[in-house]
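Heavy atoms only: backbone and side chains are in, while hydrogens, waters and symmetry mates are out. One-based numbering, in listed order, for ligands and for the atoms of each.
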Amino acid sequence: MASRVVIAGGGVAALEAALALRALAEERVAIELLGPEPHFWYRPLSVAEPFELGETHRYELAALAAAAGVTFTLGALEGVDAVRHEAKTSVGEVPYDLLLVAVGAVPTPAVPGALTFRGPADTERIRNLLREIAAGDVRRVAFAVPWGAVWSLPIYELALMTAAHLRAHRIEGIELSLVTPEEEPLQLFGPAGSEAVADLLDAHDITLVAGSHPAEFADGSLSLVPEGQIEVDSVVALPRLRGIRLDGLPQTLSGFIPVDEYGRVRGVDDVYAAGDITSFPVKQGGIATQLADTAAEAIAQAAGVDLQPEPFRPVLRGLLLTGSQPRYLRHELNGIGRADTASPDPLWWPPAKIMGRHLAPFLAEFGDTASPPEPLAPPGAVRIEVELAAGEMERLAAPRLEEARGEGDTVGEAMSRDPLVVSPDDVLGEVAQAMRDGDTDSTVVALHGELIGILTSRDLLRAFAARVEPNRAQVREWMTSEPIAVLAETSVDVAVSLMKEHRIHHLPVVDGKRPVGMLEFRDAALLVRGRGIGLGY
Ligand SMILES: Cc1cc2nc3c(=O)[nH]c(=O)nc-3n(C[C@H](O)[C@H](O)[C@H](O)COP(=O)(O)OP(=O)(O)OC[C@H]3O[C@@H](n4cnc5c(N)ncnc54)[C@H](O)[C@@H]3O)c2cc1C
């Protein structure tokens, strides 16, 4: 009998997985798609909509499902009873043999006072902003990337397209800026991507403010953390992504579901996850489809298909909509070295904005009878590609326990013992007081004695700059969850390289999962420097 596969979601990852699974397992699986709304939205071109350069496409999910050979049920996943193999949904219990959770992430406003751009729903608000600029009511606009889980490409596109729009309409004297916590623009895409984007921003007279967190926009001023402010009339910000709460599944504090390299939800049998809902830190359509393909292979194998699933090897590709010279970029990150290229030739084909091995051609074909999926790359588009080597997911997705031991001094010799330990429910005011009393600028966050996060004075600064109420704001909202941690036996050299690689100044030290110390960069560096080893700074 066919295995019953339920796929919760009606977006990019869900459709890619359904198509991949149908191709791999054919009639060995009966696939049911479950989604709370009847449409599939193809959102990437929503940034072009306010400028009349593209439009968001909408497809009937029931029609897509029928064409893909799967059934579609209107309903929302609310939880999972893994023992009974039942999905708890808004339309009752749905039994499954294998379940894939692909419910996406929820965009939440991240910069108080700013216009949050979430996609199609906010097109009209951007159009209004353009009208206000044309009318002379708005003369200074900042585009802002908040900290946390975001997909930052759209804000660069919005800034560049706004600049191109102003030029085309001969509107002069408008000051545009782009504020981002990244050290370089579009840092994720590597040096070549960053350089190309920096050039583009420069060519469009957009001032780049890198290494700054936009905190709040009020009274004509965008406050920045760790310091500074920009006087502007309007701020457009990206939302911060969060996952919805699902009973019975492990989730991070932000609601993301941890998965292994085959898309299997950690600790829950027969449940898989793909797309923005997973704790993989890059929230992008192409990455969503790749993990969906991996999970589909693992599900097919579990359904009895004779295959060996390939572990997840994410490749980041992007197509940046601009309005100037076209350029194609590629960045490889392979654990050994880096290779960057910038070339005038396309590096992959077809040039769909969301790549999906099955989804892109499926939508293109479906487009013959419905609306076309998208135009070919418009003039001035910049293509970007980044390969993330195997194991990169683990590295990026922390938690990670660095077990390398190596020679020489150990972390145990350089760490401070008995670190200040707080609970995720503690309020920031009390924690700040305890940190001052203990003369420390960091604290570990533990639940039931196990390390779950770290909070530093920098986090407190960020929180207070965002004008949080010290007696209400909780540690869980401001800490870094699932931090990288090391064992006391780890060599200090390894710990120092880790801190440099991840640009962090504190490393919690654990015994099992129990926090036993804190290693500070300056202490570790002093020890290493004392031995005469160059740190490269
Ligand atoms: C403005 C904008 C531009 C973007 N540009 C690009 C780009 O150029 N390239 C790129 O690769 N990516 C881009 N992205 C990101 C990309 O859209 C997402 O990474 C991708 O859609 C994630 O796929 P997903 O399937 O995880 O989630 P989604 O595509 O968001 O789909 C989630 C699905 O789950 C459904 N759902 C929600 N709750 C439930 C529930 N409880 N039960 C069942 N179903 C549920 C939703 O209705 C939806 O159908 C952009 C995003 C935005 C907002």
Side-chain angles (χ1 to χ4, degrees), residues 6-18 32-50 54 56 58-59 61 64-65 72-80 87-91 94 99-107 116-123 126 149-158 236 238-239 241-247 249 255-257 263 273-278 280-292 295 314-321 351-356 359-360 374 377 381-385:
V6 173
I7 299 181
V12 170
L15 284 173
E16 174 74 16
E32 177 177 357
L33 215 56
L34 174 87
E37 64 155 321
H39 296 112
F40 165 68
W41 293 89
Y42 188 80
R43 289 178 301 188
L45 293 178
S46 59
V47 286
E49 238 172 16
T56 306
R58 197 180 77 161
Y59 300 83
L61 261 177
L64 289 180
F72 173 64
T73 303
L74 200 60
L77 181 72
E78 292 171 347
V80 175
K88 296 192 251 171
T89 81
S90 57
V91 289
V94 178
L99 171 69
L100 176 71
V101 182
V103 298
V106 183
T116 303
F117 182 78
R118 294 159 300 175
D122 298 305
T123 298
I126 300 289
V150 295
W151 171 236
S152 66
L153 197 79
I155 206 78
Y156 288 89
E157 295 179 318
L158 278 178
V236 181
L238 286 179
L241 300 180
R242 292 192 186 281
I244 56 163
R245 287 285 153 202
L246 293 166
D247 279 353
L249 292 183
F256 298 119
I257 299 176
D276 284 359
I277 186 64
T278 66
F280 187 70
V282 183
K283 307 293 179 197
Q284 195 240 13
I287 297 285
T289 60
Q290 291 164 43
L291 185 50
V315 176
L316 188 58
R317 300 181 180 94
L319 175 63
L320 178 71
L321 304 178
K353 205 155 183 278
I354 288 185
M355 304 296 295
L359 186 60
E374 66 175 284
V382 174
R383 297 183 189 290
I384 308 172
E385 178 167 337

Report yes if some heavy atom in the side chain of [X] is under 4.5 Å from a heavy atom in the side chain of [Y]; otherwise report no.
X	Y	result
Leu74	Val91	no
Phe40	Val12	yes
Ile7	Leu15	no
Pro107	Leu241	yes

Subset of ligand 1 atoms that lie under 4.0 Å from at least one heavy atom of [X]:
X	value
Gly275	26 (O)
Gly286	11 (O)
Ile244	41 (N)
Leu34	43 (C), 44 (N)
Lys283	19 (O)
Arg118	53 (C)
Phe117	1 (C)
Ala102	32 (C), 33 (C), 34 (O)

*Under 3.5 Å, is there a donor-acceptor pair between the side chain of Thr116 and the main chain of Pro239?*
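Absent.
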*Verify, without hydrogens or angle tests, whether Lys283 (side chain) and Thr278 (backbone) share a donor-acceptor contact under 3.5 angstrom.*
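Here the side-chain-to-backbone pair exists.
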*Would you tell me which option among Leu77, Leu246, Asp276 has the nearest heavy-atom contact to atom 40 (C) of ligand 1?*
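Comparing heavy atoms across Leu77, Leu246, Asp276, the nearest one to atom 40 (C) of ligand 1 lies in Leu77.
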*Pick whichever of Gly11, Gly356, Pro36 has a heavy atom sitting closest to atom 44 (N) of ligand 1.*
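Of the listed residues, Pro36 has the closest heavy atom.
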*Quick one: closest heavy-atom pair of Phe280 and Pro314, and the distance?*
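Nearest pair, atom of Phe280 first, then Pro314: CZ-CG, 3.9 Å.
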*Of all the heavy-atom pairs spanning Ala274 and Leu100, show the shortest one and how long it is.*
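Taking Ala274 first and Leu100 second, the nearest heavy atoms are N-CD1, 4.0 Å.
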*Can you name the residues that form a side chain to side chain donor-acceptor pair (under 3.5 Å) with Glu78, not counting sequence neighbours?*
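Here no residue qualifies.
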With only distance considered, is [X] within less than 3.5 Å of ligand 1 through an N or O on each side?
X	value
Val12	yes
Ile277	no
Ala8	no
Gly10	yes
Ala13	yes
Ala105	no
His39	no

*asked:* Exactly one of Ile277, Leu99, Val101 should register a side-chain contact (heavy atoms from CB on, under 4.5 Å) with Leu249. Which one does?
replied: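 Option passing the side-chain contact (heavy atoms from CB on, under 4.5 Å) with Leu249: Val101.
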_Trace of the side chain to side chain contact (heavy atoms under 4.5 Å, CB included) decision for Leu64 with Leu33_ = CA-CA 11 Å; Leu64 289 180; Leu33 215 56; over 6 Å; no
